[in-house]
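The structure under discussion appears below in the form of structure tokens.
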Amino acid sequence: MLKPIYRFFLIAGMAMGVITGVFFLCSFQRQLADQTAAEEAKRAMAQSAVLYRTPKETPENTLLALNSMSLSECERAMEAIPKGWQYAPIAQRFRDTPVIKAEGLVLSDVEVLYSTPSFFPLRGMEFPEEEEEPAAGFCAVSQSFLEAHGWEQGTVPTLEIDGVPKKITAVFTVAQAASQTEFSLLSSDTSLLLVLPYEEAPAASTEVFYILLQKPEELSQTEFRAELSSIEETLNQKYGEGEILFRAQTGSDFEAALSPKATDATTFLGIVFLAFLGELLAGINLMSLASAGILENRRHFGIKLAAGASYGDLFREFLAELLALCAKGTLLGMAASAILVYYANRAVDDFLFLFNGYTVAASACVMVLVCLISSYLPFRQILKEEPAALLQKEPNT
Amino acid sequence: MLSLNHIEKSYRGTGGKVEALKGVDLEVSKGEFLAIMGKSGCGKSTVLNILGCMDGYDSGTYLIEEKDTKTLDRKGKALLRRQKFGFVFQAFHLLPELTVFQNAALPLAYKKLPKSKWRAVVLPLLERLDLAHLENRRPCELSGGEQQRTAIARSLANDPEVLLADEPTGNLDSENSERVMELLAGLRLAGRKTLVLVTHDVKIASYADRVVEMRDGRIV
């Protein structure tokens, strides 16, 4: 019914609409996901606290200026923690890097941290079900550690750390930095070896970054904060060294570090604006194309009515053709948007489009609806006219 | 068979209301070949459109086999066009994207005749009109005479009782005009069809059994 040129542009318009729609929805989904993740992180952080040492003048809500603790200072701090609380020190050897061997070969470029087994539940990580709780002689490694050495879980040989054999109990992924504080300690691609338990770390050459604490369920936030202040006070009274103090802060005190970067918001708004503009243009394009295509085909409708078609026949033909064009445009748009989203995610560093079935389906539905409505409106005019009038309003063949 | 009684019809033109028909009375008998003559703008095409249920009218009555067409809705009129009428136009009005065969078979699609039976209906028509060898051509590849013969094939595909032809030779040279008229006249006789033809050409009108003349929206 429609001329090939209109069909082509209608399909292209549909595809364009689906693509921009996908980007529009992907951006929204991303933003929603970011918000949800940030809220979850805030909730999780409110359930934990960090006990560390820092210069007296350091502003609160930062860990960047932390002073590491010696093992003896760490032990003192742990003594001040009320019984029954879960905690885990995060330690690293600075002065004397351990020698790590696998099958007699020395492994280099490996960050080694020491902690207690409680580090895992505190970080929301779980050991594989078949494994028992890690005990002495066990360690955990990051996924990047395995990848760096071309191993897979289960095929890793027993490691030797300073001659002491350690069996790998768990493989974990170092999370994307939830805050600037964490980012300053480790990046997500760190080849990391976590030695458990912490008690076995050689005392002389180990320093502790901080002690991670879990809020006991029975305590409210206020009570938790009060307890932390009490720990802080006790430690500073007993072991305070003038300018360097112990400080205990809940994770929520670091909220400022979690707030989205300004560039993220700007990128998001920019993408949403462009996608919305694209969607609007695609809608207008479809509307004018359908309108022009239908009006140009007035005579064809007249010919078909003269040949015995009813208005219902014309409408069914029109709908079938339109849906076929919509389907082609939608498929094209889906394929193109999948490719574009893939490349956009590679090109834009601080933004990740969430591409999934819901996004595509919603975008396709919107465009099909726009196409149907925008085409039906001019078609309705045709339905009001007598066949003779439709035949007269166009130049002859 | 077809009876127009004091039909009036007006249009809203750019210069205001235009009275196209001012009380037209016309009887068309079954099997008759009637020619309506008149100058351009006298209302003869409007009469033909009303006869074929292609256009409405303001007042008067139009009876088809004693049935008042005022009682018919659009669906009823479409059914009448499908069953009773075949149209031939001056401008041929073929669908450019369809072949000769598909154009000729167009009424069959709306008659809901299965596609498998189209050839049995259309091919004899094309052969009779000397178009069988052109069945896969598109209208743009045909001469004017061939296009008009294709339009005639289309108008006959649903085996109508009445053929309505609006200046069927208006775009043809004299040789093709003669051929088309002979075809129409022959087909009318062979199929015992009623033929109403609109023309301004006396020579074309001479093929008809009866000629009526129109002037300023009236039959004189």
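In the text below, chain A, chain B and the rest are named by the order of the sequence lines, each starting its count at 1.
- With sequence neighbours excluded, the residues forming a salt bridge (charged side-chain N to carboxylate O under 4.0 Å, His left out) with B/Lys84 are B/Glu65, B/Glu161, listed by chain and number.
- Judged purely by atom type and a 3.5 angstrom limit, B/Arg82 has no side-chain atom pairing as donor or acceptor with the backbone of A/Ala307.
- Residue B/Lys30 places its NZ atom among 12 or fewer non-hydrogen atoms of other residues, nucleotides or ligands, all under 6.0 Å distant.
- Between atom CD of residue B/Glu97 and atom NE2 of residue A/His300 there is a gap of 5.5 Å, rounded to the nearest 0.5 Å.
- Listed by chain and residue number, B/Glu213 satisfy the salt bridge (charged side-chain N to carboxylate O under 4.0 Å, His left out) test with B/Arg215 (two or more places apart in sequence, or in another chain).
- Rounding to the nearest 0.5 angstrom, the gap separating the NE2 atom in B/His93 from the CG atom in A/Leu391 is 4.5 Å.
- Listed here is the closest heavy atom pair of A/Ala309 and B/Arg81: O-NH2, 3.9 Å.
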Report task. Would you sort out whether A/Lys304 and B/Leu95 count as a side chain to side chain contact (heavy atoms under 4.5 Å, CB included), showing the intermediate values? Result -> CA-CA 9 Å; A/Lys304 288 178 176 179; B/Leu95 294 175; 3.7 Å; yes
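- Contact detail for B/Met54 and A/Ala306: the closest heavy-atom pair is CE-CB, 3.6 Å.
- Atoms CZ and CD1, on B/Phe89 and A/Ile303 in that order, are 7.5 Å from each other to the nearest 0.5 Å.
- Counting heavy atoms of neighbouring residues, nucleotides and ligands inside a 6.0 Å radius, atom CG of B/Asp25 exceeds 12 of them.
- Ranked by heavy-atom pairs under 4.5 Å with chain A, the first of B/Tyr110, B/Phe85, B/Tyr11 is B/Tyr110.
- B/Asn49 touches chain A through its side chain: at least one heavy atom from C-beta onward sits under 4.5 Å away, while N, CA, C and O do not.
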Requested in this report: For B/Lys112 and A/Asp313, run salt bridge (Lys or Arg N to Asp or Glu O under 4.0 Å): C-alpha distance rounded to whole Å, both residues' side-chain angles, the deciding distance at 0.1 Å, then the answer.
Outcome: CA-CA 11 Å; B/Lys112 316 289 187 239; A/Asp313 290 328; 3.0 Å; yes
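- The number of heavy atoms from other shown groups lying within 6.0 Å of NZ (B/Lys117) does not exceed 12.
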